[in-house]
Amino acid sequence: MNKPTDTDGSADPSVFADASQLANGDAPMVELVGVSKFFGDFAALTNINLKVARQEVLVVIGPSGSGKSTMIRCVNRLETHDVGRIVVDGIELSDDVRNIQAIRRETGMVFQQFNLYPHLTVLDNITLSPRLVRGQTRAAAEAKAMELLERVQIPEQAHKRPGQLSGGQQQRVAIARSLAMEPKLMLFDEPTSALDPEMINEVLEVMTDLAREGMTMVVVTHEMNFARQVADRVVFMASGEVVEVGTPEHFFTNPSEPRTQAFLSQIL
Amino acid sequence: MTDTAPTAADQPTDPPLWSPSPSGSVSTWLKKNLFRSRLDGVVTVVAGTIILIAGFRFLRFVFVTGRWQIVRENLSLYLTGSWPEEHLWRLVVVVVGLALIAGFIGGFSAGRIDDDPSRAVSLAGRDRLVDLGSRLWPLVVTVALLLALTTTIGPLLVAAGAIVAAVAGNMAGRAVPGGMSAVPVVVGVLFLTLAGIWLLNAGLSWNSWGGMVLNLSLATISIALCFPIGVLLALARRSEYPILRWLSTGYIELFRGVPLIGLLLMANVALGFFIPNSLAPGKVVRAIVIFVLFTSAYIAEIVRGGLQSVPPGQIEAGKANGLTPIPIITRIVLPQAIRNVIPALVGQFISLFKDTTLAGAAMGLTDLLGGAEASTAQADFRGQGLIAETLVFVLLIFWAGSYTMSRESQRLETKLGVGER
Ligand SMILES: Nc1ncnc2c1ncn2[C@@H]1O[C@H](COP(=O)(O)OP(=O)(O)O)[C@@H](O)[C@H]1O
Ligand SMILES: [Mg+2]
């Protein structure tokens, strides 16, 4: 496995924002260059510069309304950025529908509210895209889906509908649904925030396994233990800006920015 | 699988109208439900008296004072209009064929829903008969009444044939593997329907159709056409292309703003202003066009409501999962949207079914209602005030059809698990 390593506890975000020096010279999986995004007059994102190396796990933290969701939703074009460039796996996001589709095909996303298709069984939720987008046969897609359900440890739920599952089970189905498209990158937007406390761990365990297997992940979360143990780097955002980027160690021992310190002291 | 096999007890049923509480007696039930307070008691007594009087008068009319000879003698006029004797076999083929198709569709959809063990509803033997009986009794009663009124054995044989065909179709439908796509079935049903129309038309040009056959044909053809058109209009009204949005909005607001009978009259007498008479289609086609134009506007608004009820997260999930816009609409949004508005949709279809009588009135077609009126002018029955008998008969037939549609839509709703998330 090729995990980026941190050699320097320096406070200069630009050092850490450049992931290419951390990885082994590969092109980054995700690159945001000078990205800004406005909702009307309101700047939701201001000049974001960020690279995510291949196989890196990047955890994004920050207060509510700081633009975390907006940022990762720009990566698969659920939101359109107004300024700057976003490149995913060498494909630049533009108005070209083909580029957008190409990026979405290889990017999985897990939502806070699961967003499973309530009218379809768990199995159909997982196989819909592989069949329609990847052209897999039903048999092949279902075999693969069962494998994934084994992996998230709920094969016995295959024929139920989402409404019959607990929140934790639904979120694990949602992860399986994304994985079925064999993505190169997974985006998580507060995947455990809508869960009852006793279900948070089952989802975090699946995500931790995924990280160990080398998936490139961008995870917006408030689970600081997950950030500490699984993240390669942590990004702190506030008011639509990246305030600080660093290793978990740096973040949880001596964050350099006052805003980061204030935020962490509140939640830890 | 650790699921326990679902039993008949899992099946949702209507609450019983009267269930003796285990500890109570009739008098406690009465006290609890009808005479809880003084006001309750007054309401119960007044309403009860009215119901008793009305019920008595109605039953006396049906069994004692009603002169049903007119219905008995005009049965074929009411049901088929002036359908020529030598082409009767075509009707028989179509009726039996329709029963086969209906059975097949029922079995096919039940098979697909049951295929999913989480909501399987399997009823065996007697339970199944009871279930069918409680669902379809208005139709059964009506058909039985019709058979009782006939004087020949023919209709009885047709009814028996239709039942056999429906059962056979149902079994065939259930036998289709659950994984199979519904597309060939839909195409097949459409093809058979068109073949049936052609078969009938070859016997008697459909502009000469009449009776209940006409009402049923107008209703089914119009429903089949206005539903997809309504869905497309609803999608267009929410489209990101302004032109589509404007056109669809204009269309919807235009047709929702005018009375149906005005449109039918216009199609009947004023079409000549727009199209040369030699090119103008026959009356039945005109009526269908008007019904489709009119009802699709309402369907569009109903479906639009359904579309709004689908959370935006569903579309985002589809996009994030790599789906392109068309599968997102057809596989994710529309199924949920339509499920959420089944009662309103079926209500609209029921309206359309009943409004087919307006085609008779406005366009001079002898539909079921028109036939009933015409029969009171026959030499044998003229001037005897028999309109009540004929109208009661007509209304019974429409009620049986409408009530069955309504009941079946509720059942479909429960089966599809509407409201479950
Ligand atoms: N569709 C939208 N329209 C207008 N404002 C929005 C929209 N989406 C998000 N915002 C605003 O952008 C800011 C950042 O939102 P978001 O990215 O959801 O924050 P976070 O995920 O960090 O809580 C918030 O102030 C929010 O109100
Ligand atoms: Mg958010």
Side-chain angles (χ1 to χ4, degrees), chain A residues 72-73 75-79 97-98 100-126 128-134 137-139 142 155-165 170 174 177-183 186-187 189, chain B residues 1-6 10 112-120 177-183 240 306-307 309-342 412-421:
Chain A
I72 69 167
R73 288 160 58 86
V75 171
N76 66 351
R77 200 63 163 197
L78 291 183
E79 303 284 358
V97 187
R98 281 167 304 176
I100 297 174
Q101 281 306 130
I103 287 172
R104 284 178 182 164
R105 269 199 300 271
E106 56 184 59
T107 305
M109 185 168 207
V110 175
F111 300 86
Q112 183 175 348
Q113 300 297 340
F114 328 134
N115 292 353
L116 294 177
Y117 313 131
H119 59 301
L120 299 180
T121 62
V122 164
L123 208 54
D124 287 342
N125 262 277
I126 300 175
L128 187 65
S129 286
R131 289 197 286 130
L132 295 183
V133 181
R134 295 246 188 261
T137 62
R138 181 183 280 268
E142 289 189 348
E156 73 282 359
Q157 312 291 349
H159 296 282
K160 294 201 181 154
R161 288 190 200 234
Q164 297 166 297
L165 270 50
Q170 290 193 48
R177 177 175 70 179
S178 292
L179 293 179
M181 287 291 282
E182 303 188 335
M186 287 282 288
L187 307 172
D189 192 358
Chain B
M1 293 294 315
T2 55
D3 286 358
T4 49
D10 293 330
R112 284 165 71 86
I113 293 171
D114 291 354
D115 201 52
D116 163 11
S118 71
R119 54 189 54 224
M180 209 187 89
S181 153
V183 173
E240 45 189 271
L307 292 174
S309 72
V310 178
Q314 289 291 310
I315 299 170
E316 290 180 354
K319 285 181 179 172
N321 218 206
L323 294 176
T324 47
I326 290 180
I328 289 178
I329 290 174
T330 57
R331 301 298 190 108
I332 298 175
V333 178
L334 273 184
Q336 296 184 54
I338 289 172
R339 233 161 261 233
N340 289 345
V341 294
I342 288 174
L412 186 67
E413 239 187 305
T414 342
K415 269 207 149 187
L416 292 176
V418 177
E420 270 175 41
R421 282 219 145 249

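Values below: all heavy atoms of this structure, side chains included; hydrogens, waters and symmetry mates excluded. Naming convention: chains lettered A, B, ... in sequence-line order (proteins, then strands); numbering from 1 in each chain. Computed from a predicted model, the values in this text were never measured in an experiment.
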Between CD1 on residue B:I328 and CG on residue A:L132, distance to nearest 0.5 Å
10.5 Å
Highest number of heavy-atom pairs under 4.5 Å with chain B: which of A:E106, A:Q157, A:Q101?
A:Q101
For A:R134, which atoms come within 4.5 Å of any heavy atom of chain B: side chain, backbone, both, or neither?
neither
Could you give the distance from CD (B:E316) to CG (A:N76), rounded to the nearest 0.5 Å?
9.0 Å
Kindly say whether B:G313 contributes a backbone atom to a donor-acceptor pair with the side chain of A:N115 at under 3.5 angstrom?
yes
Interface moiety of A:S129 toward chain B, non-hydrogen atoms closer than 4.5 Å:
both
In this structure, CZ of B:R331 is separated from CZ of A:R131 (nearest 0.5 Å) by 6.0 Å
For the NE2 atom of A:H119 and the CD1 atom of B:I332, what is their distance to the nearest 0.5 Å?
6.5 Å
Measuring heavy-atom distances to chain B, does A:F111 have an atom under 4.5 Å in its side chain, in its backbone, in both, or in neither?
side chain
Decide side-chain contact (heavy atoms from CB on, under 4.5 Å) for B:L323 and A:L128; before the verdict, give the C-alpha distance in whole Å, the side-chain angles of both, and the deciding distance to 0.1 Å.
CA-CA 9 Å; B:L323 294 176; A:L128 187 65; 3.9 Å; yes
